[in-house]
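All remarks here apply to the structure that follows.
Proteins come first, then strands; the chains are lettered A, B, ... in the order of their sequence lines, and each starts at number 1. Because the structure is predicted, anything quoted here is derived from the model rather than measured.
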Amino acid sequence: MEKIYINKRVFIYTAAAFFLFFLRIVATFSFSWFLSGKLQEIIQIISAVLALIICVMALTRYYAKKDTTFLFIATAFLGTFIFDSYNAIIANSSGGLNLFPLPKSLGYLSWISSKLYLSLILFLSWWLWRREEKDSKQRKISESHIYLTSSILILGIFIFFNFTPLLIKNHFIISQPHELLELIPALLFLLSLAGYINKKYWKADYFEHFLILFIIINLAVQTIFIPFSTESFDVYFYFAILLNIVGYIIVLIGLITDTYKLYKQTEQSEELLISQNLSLKETRIQYEEALKNSLLKETELSSKIQDLENTKKAIFNLNQDLNEENLKVEKAKAKDEAFLSSIGDGMIIGDEEGNILMTNDQAKKMLDYNETDLVGKKLSEVIQMKDDKGDIVPPEKRPIQLALSSGKKIVNNAYSYIRKNGTIIPVAITASPVILNNQIEGTIIVFRDIAKEKEVDRMKTEFISLASHQLRTPLSAIRWYSEMLLDGDAGQLNKEQKEFTRNIDESTKRMFELINALLNISRIESGRIIIDPEPTDLVQLVHDLLNELKPKLELKKQKLIISQHENLPKINIDPKLIRQVYSNLLTNAIKYTKEEGEISVFISKKDNEIISQVSDNGYGIPEKDINKIFQRFYRGENIVKIETDGTGLGLYLIKAIIESSKGRIWFKSEEGKGTTFWFSLPISGTPPKKGEVTIDT
Amino acid sequence: MDNQKYTVMVVEDEALLLQAIEKKLRLSGISVISCAGGNQAIEYLRTFQKLPDAIWLDYYLRDMSGLDLVNEIKKDEKLIKIPIVVISNSASENKVKTLLALGVKKYLLKSEYRLDDIIEIVRKIIDEKGKVVS
């Protein structure tokens, strides 16, 4: 499109050129065609008026939108207007209207002055544009410079062509031929044409397009019309002035078109501006709304941020508190751990499945294992355990497992751990379940080395049995020899000798009893006594005992009455121990009751107990001694004088037996009237107890 | 039967007691083989053809326990039928049970018996054995 548009313009220029040549040819054939001076004068005035209009329009255009070209055009046509007006005046003077009488010879010089000025300005305008285009550093030509230059040029040219020729005319013949002179502006037009075409603004700019047409016309006028005009007002001259007007009109059209375009552009840009303004307003409203929203949101956001900040602060505080608490807890934990590891006994903490969670130093030392051997593993898999017979204890019977499965504290003194190096260590173990919220969470095993205790026990047992043996041996000798003396095996003794020997024998017996009682007490006190319960008929037990006691009863002519509640149940007790109780109580009763006294045994059931009652009507116990009777070696003040025989250990032993059988003993006594002892045994019986010794002698 | 004199081996490491027992048995018309220790008793029993009719044994001996001696005797076919009475200063249940199970006829506590009584018990045991034999 653009190309075609340009080609069209090139075609117009070419066509214009051809048309001008055609006009020249037409002019050649119509040389006899003359126009009157008056018409020429009118044409001259029109052209001057046109020049003025162009000048004003160009100026207006220039000030509407500054473009130096228009200023040049304005000044160019200002000059042209001046010269053309003057030309019109000259034309008038040479005939026609003849308003101003001026020398006729100056007529054609007025034309050349106008054209020279126009072509010079056009050339200047291009040349200055070119200079600026080439080097942008060049100082821009200012308005005042243009005005000044053009004014000087107008004045210079006017003076030169109106006054110099007059002088020359008088001295030199310069009037013929003046055609060559006309070629100077033609050359300047040609240069301007070349310049403006080269400027290439014509391709897009309407005004420059018309300007080029104007230059073409002027070039043609200056080259092919005016130089051929030999006379004023001949056909070439007429064509020239007509073409001149056409040129002016073309420039005017160019100016109008350009101004219209400018106006349109302004209008469009204004519309654009308005529409842009509108959209700007919309955008602004939208922006304002968005701003309002964002402000709202910002308020919301800032309140949320505040909330967040508060939360953050709270969390920070919480964190700080937590840290402090953590520190405290850790301190407490470290303290606990220090306490635990300082426990003198070995300690193993296990989880609910019997896996080791931690051990203290003592445990590791005692078992000869280190931390990594134990933690995280099942105790029963790492450390074997032996029972008192030397057999390996199966895992399910280990204290740890029993504690976990029963939920009860398990105490065991009979097992030994096998240490890492294979040696065994007898231990007293307490395995306790750790119960949290009714659920077994683990176990704590505390154990201590009882090797030494076992050794001491063994030594003690050995000592007691040896001591008793060693004590009894000389006693046996005393007893047997006194027996032989009394039997007369060493010859008959006199009465007194017999009495003394009998005393020795009696004392020896007491010594035996004392030793037996002491042995039994030591056995019971040491807790090593075996309690071996079996269902026992207590009444039967007393009857059996009676046979042994009969000689003594008969000796003192005492009565023994045995009575009981009906249907008494058999109870689970150790008959040997309880027999000892009855035996001691009845022996005491016999011993501390006068001849022909009465002794009774009554066995009854009350609630959950079987109560045995042993009464006598003997000497009784003095009131002040009531609190002492169960003490070791106590013997009633009143009876020591009457009955020398007695160890003071009988009641003490009974109390120990009954208490270890889960029963109670109490009594009631009145000095001189008699004594009653009661002892109770639970119907549920006595639990069995493993031990090492019996109450045997 | 009455004319036949019984022989009892007494094993007792306490010299005074041994002396007393020996004296009393003799006074009761019983021959005595006195042994002051377990080894001496074993040696005698293995050496001599004439065996005692019963053995009076103290449990605690210096060179061995009564249990060891009983075990030795019961191992020997020739000696197995000789009745043994253990007379000791102490008697735990276990010990008594074990000895009776091995074939000991009686277990007596020294402190509870007069010499006369023990001799009567021993004589009875020998008599019972004799009856069974004849």
Side-chain angles (χ1 to χ4, degrees), chain A residues 461-491 501-502 505-520 522-523 528-532 534 548 574-577 690-697, chain B residues 10-30 32 34 36-37 56-67 85-100 106-122:
Chain A
T461 314
E462 210 169 78
F463 171 77
I464 289 169
S465 87
L466 269 173
S468 57
H469 182 84
Q470 295 303 329
L471 283 170
R472 278 166 178 164
T473 302
L475 280 177
S476 296
I478 296 167
R479 203 178 162 199
W480 285 349
Y481 278 104
S482 56
E483 180 199 327
M484 283 196 286
L485 280 174
L486 286 169
D487 284 354
D489 291 346
T501 314
R502 200 166 285 128
D505 193 37
E506 283 301 315
S507 294
T508 315
K509 261 197 219 162
R510 270 186 62 193
M511 191 69 132
F512 269 119
E513 281 167 14
L514 208 58
I515 289 168
N516 286 346
L518 273 173
L519 269 174
N520 280 337
S522 87
R523 282 164 185 159
R528 294 179 305 123
I529 194 140
I530 298 164
I531 298 176
D532 186 13
E534 53 182 83
E548 281 177 28
D574 188 325
K576 252 185 274 146
L577 292 174
K690 279 187 183 173
E692 287 147 44
V693 291
T694 59
I695 200 152
D696 308 307
T697 42
Chain B
V10 180
V11 189
E12 168 64 71
D13 57 354
E14 276 291 326
L16 278 175
L17 289 179
L18 183 59
Q19 230 174 300
I21 297 162
E22 200 181 334
K23 171 93 181 172
K24 198 69 185 175
L25 281 169
R26 293 235 169 88
L27 287 171
S28 308
I30 295 169
V32 179
S34 297
W56 172 313
L57 175 65
D58 178 27
Y59 189 80
Y60 286 103
L61 299 171
R62 284 201 182 82
D63 51 0
M64 62 174 74
S65 79
L67 184 63
V85 178
V86 176
I87 295 113
S88 180
N89 273 328
S90 62
S92 79
E93 203 176 13
N94 279 341
K95 202 155 67 185
V96 177
K97 272 185 188 163
T98 314
L99 287 168
L100 292 178
K106 270 263 153 75
Y107 191 109
L108 304 173
L109 268 172
K110 274 177 197 170
S111 56
E112 286 178 359
Y113 295 91
R114 289 162 52 88
L115 274 174
D116 276 351
D117 300 336
I118 302 170
I119 289 167
E120 260 329 288
I121 290 166
V122 172

For this session: Begin from the C-alpha positions of Glu506(A) and Lys509(A) and carry the test salt bridge (Lys or Arg N to Asp or Glu O under 4.0 Å) through to its verdict.
Result: CA-CA 5 Å; Glu506(A) 283 301 315; Lys509(A) 261 197 219 162; 3.7 Å; yes

Problem set entry | Minimal non-hydrogen separation, Asn89(B) against Ser476(A), with atom names |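 Reported closest heavy-atom pair: OD1-OG, 3.4 Å.
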
Problem set entry | Distance in Å, Glu12(B) CD paired with Leu57(B) CG, rounded so as to fall on 0.5 Å steps |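 Reported value, rounded in 0.5 Å steps: 9.0 Å.
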
Exercise. Does a donor on one side chain and an acceptor on the other come within less than 3.5 Å for Glu22(B) and Ser34(B)?
Worked result: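 Judged by distance alone, the side chains do pair up.
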
Exercise. Okay, side chain of Ser65(B), backbone of Leu67(B): is any donor-acceptor separation there less than 3.5 Å?
Worked result: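 Answer holds: yes.
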
Given heavy-atom pairs under 4.5 angstrom as the criterion, report whether the side chain, backbone, both or neither of [X] touches chain A.
X	result
Leu27(B)	side chain
Ile118(B)	side chain
Tyr59(B)	neither

Exercise. If you tally heavy-atom pairs under 4.5 Å against chain A, which of Glu14(B), Arg114(B), Lys23(B), Lys110(B) wins?
Worked result: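 Of Glu14(B), Arg114(B), Lys23(B), Lys110(B), Arg114(B) has the most heavy-atom pairs under 4.5 Å with chain A.
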
For this session: Considering only heavy atoms and a distance below 4.5 Å, find which of Asp487(A), Thr508(A), Asp505(A), Ile515(A) pairs most often with chain B.
Result: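 Between Asp487(A), Thr508(A), Asp505(A), Ile515(A), the count favours Asp487(A).
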
